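Every value quoted in this text rests on a predicted model; they were computed, and no experiment measured them. Counting convention: from 1, in listed order, for ligands and their atoms alike.
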Amino acid sequence: MSLKELSRTLRIPFNRFFAFRRLRQYHASSRSLEETVDWAMSFGRYGYFTITTLQKRSEILALANAVKSLNPRTILEIGTARGGTLLIWSSLASAKVVSCDLVHREPQKALLEALPPPGSNCRVRLLTGDSHAPEFKQRVAAELGGEKVDFLFIDGDHTVEGVTADYEDYREFVRPGGIIAFHDIVEKQPFETNQVHRFWQVIKKRTDTEEFIDDPDQCGFGIGIVRV
Ligand SMILES: C[S@@+](CC[C@H](N)C(=O)[O-])C[C@H]1O[C@@H](n2cnc3c(N)ncnc32)[C@H](O)[C@@H]1O
């Protein structure tokens, strides 16, 4: 265990206390979508209980509005990370959000599962594993129990092979009229491994798409949606 991990582990009780206190503040009033997005971006850093998202506000708000217009029951997300986008989806889905990642830190899970606002019937299900593994796809299918999702957010493996595989593997779970969204579609990217734009250039030629891009000259970010 690294020194950083040891320090975080020792601070788990304090961070749990402050993170759940912060959650109660978030739950204290009903929130507009704009407020919910702001909470997702600024919930706070509490070691393993940190909730945040690396998104452009205008882009994620535009996506959240598109998702809200579907009156979603069920949402599937690949790429939980620090739970920022999960916070938003859990405020919109009326039945379930399934959020997948290679890793979910054990202490973090209870906080993420408690995200749906008071009065909501939404349940958060965290599935840990590699989205590209056939047995993982079977777990997703079992979790959905035959129900199609209204919205699929693909924000996991950003290599062109990875994002293509996630699209090909999971689009069958989206209902007709639903939406599939991808993050980091702009061509200029800070990392060589962010290759979603290469996938996006291909897919936008053969599907019904829309782009949410804050600034055409920006480096990184950009959200693309495919209407199923
Ligand atoms: C950009 S982050 C997701 C951010 C999050 N959606 C948000 O904005 O709040 C990408 C996440 O995808 C996960 N990931 C990468 N490859 C994956 C794979 N093959 N299967 C599942 N998760 C994966 C990483 O562990 C990471 O936490």
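Scanning all protein heavy atoms for the shortest distance to atom 12 (O) of ligand 1 gives Gly156 CA, 3.3 Å. With respect to atom 26 (C) of ligand 1, the closest heavy atom belonging to the protein is Asp101 OD2, 3.5 Å. Protein heavy atom in closest approach to atom 1 (C) of ligand 1: Asp155 OD1, 3.7 Å. From the protein, the heavy atom lying nearest to atom 8 (O) of ligand 1 is Thr53 OG1, 2.7 Å. Counting only heavy atoms of the protein, atom 2 (S) of ligand 1 lies nearest to Ala81 CB, 3.7 Å. Given atom 16 (N) of ligand 1, the protein heavy atom at minimum distance is Asp157 N, 3.4 Å. Counting protein heavy atoms only, atom 23 (C) of ligand 1 is closest to Leu102 CG, 3.6 Å.
Under the 4.0 Å criterion applied to side-chain N and carboxylate O atoms, Arg73 and Glu147 are assigned as salt-bridge partners. Ion pairing of Asp214 with Arg57 is absent here, as no side-chain N (NZ or NE/NH1/NH2) approaches a carboxylate O to less than 4.0 Å.
The environment of CD in Glu192 is sparse: at most 12 heavy-atom neighbours from other residues, nucleotides or ligands sit within 6.0 Å. Surrounding NZ of Lys109 are more than 12 heavy atoms belonging to other residues, nucleotides or ligands, all under 6.0 Å away. Within a 6.0 Å radius of CZ in Arg125, no more than 12 heavy atoms belonging to other residues, nucleotides or ligands are found.
Per-residue contacts place Ser131 under 4.0 angstrom from the following atoms of ligand 1 (heavy atoms of the residue considered): 18 (C), 19 (N), 20 (N), 21 (C). If you number the atoms of ligand 1 from 1 as listed, the ones under 4.0 Å from a heavy atom of Thr85 come out as 5 (C), 6 (N), 7 (C), 8 (O), 9 (O). Counting the atoms of ligand 1 from 1 in the order shown, those under 4.0 Å from a heavy atom of His132 are 19 (N). Of all atoms in ligand 1, numbered sequentially from 1 with element shown, those under 4.0 Å from a heavy atom of Gly129 are 20 (N), 21 (C). Numbered from 1 in the order shown, with element, the atoms of ligand 1 that lie under 4.0 Å from a heavy atom of Asp130 read 18 (C), 19 (N), 20 (N).
By the criterion of a heavy-atom distance under 4.0 Å, neither the backbone nor the side chain of His183 is placed next to ligand 1. Contacts of Thr80 with ligand 1, taken as heavy-atom pairs under 4.0 Å, involve the backbone alone.
For ligand 1, none of its N or O atoms has an N or O atom of His158 under 3.5 Å away. Considering backbone and side-chain N/O of Gly79, one or more are found under 3.5 Å from N/O of ligand 1.
In this structure a side-chain-to-backbone donor-acceptor pair under 3.5 Å is missing from Lys204 to Glu211.
Between Arg175 and Leu70 there is a side-chain heavy-atom pair separated by less than 4.5 Å.
Closest non-hydrogen pair, Gly83 versus Leu112, comes out as CA-CD2, 3.9 Å.
Follow the hydrophobic side-chain contacts under 4.5 Å out from Leu92 and you never reach Leu152; the two are in separate clusters.
The aromatic rings of Tyr26 and Trp39 lie tilted to each other, with the angle between the two planes from 30° to 60°.
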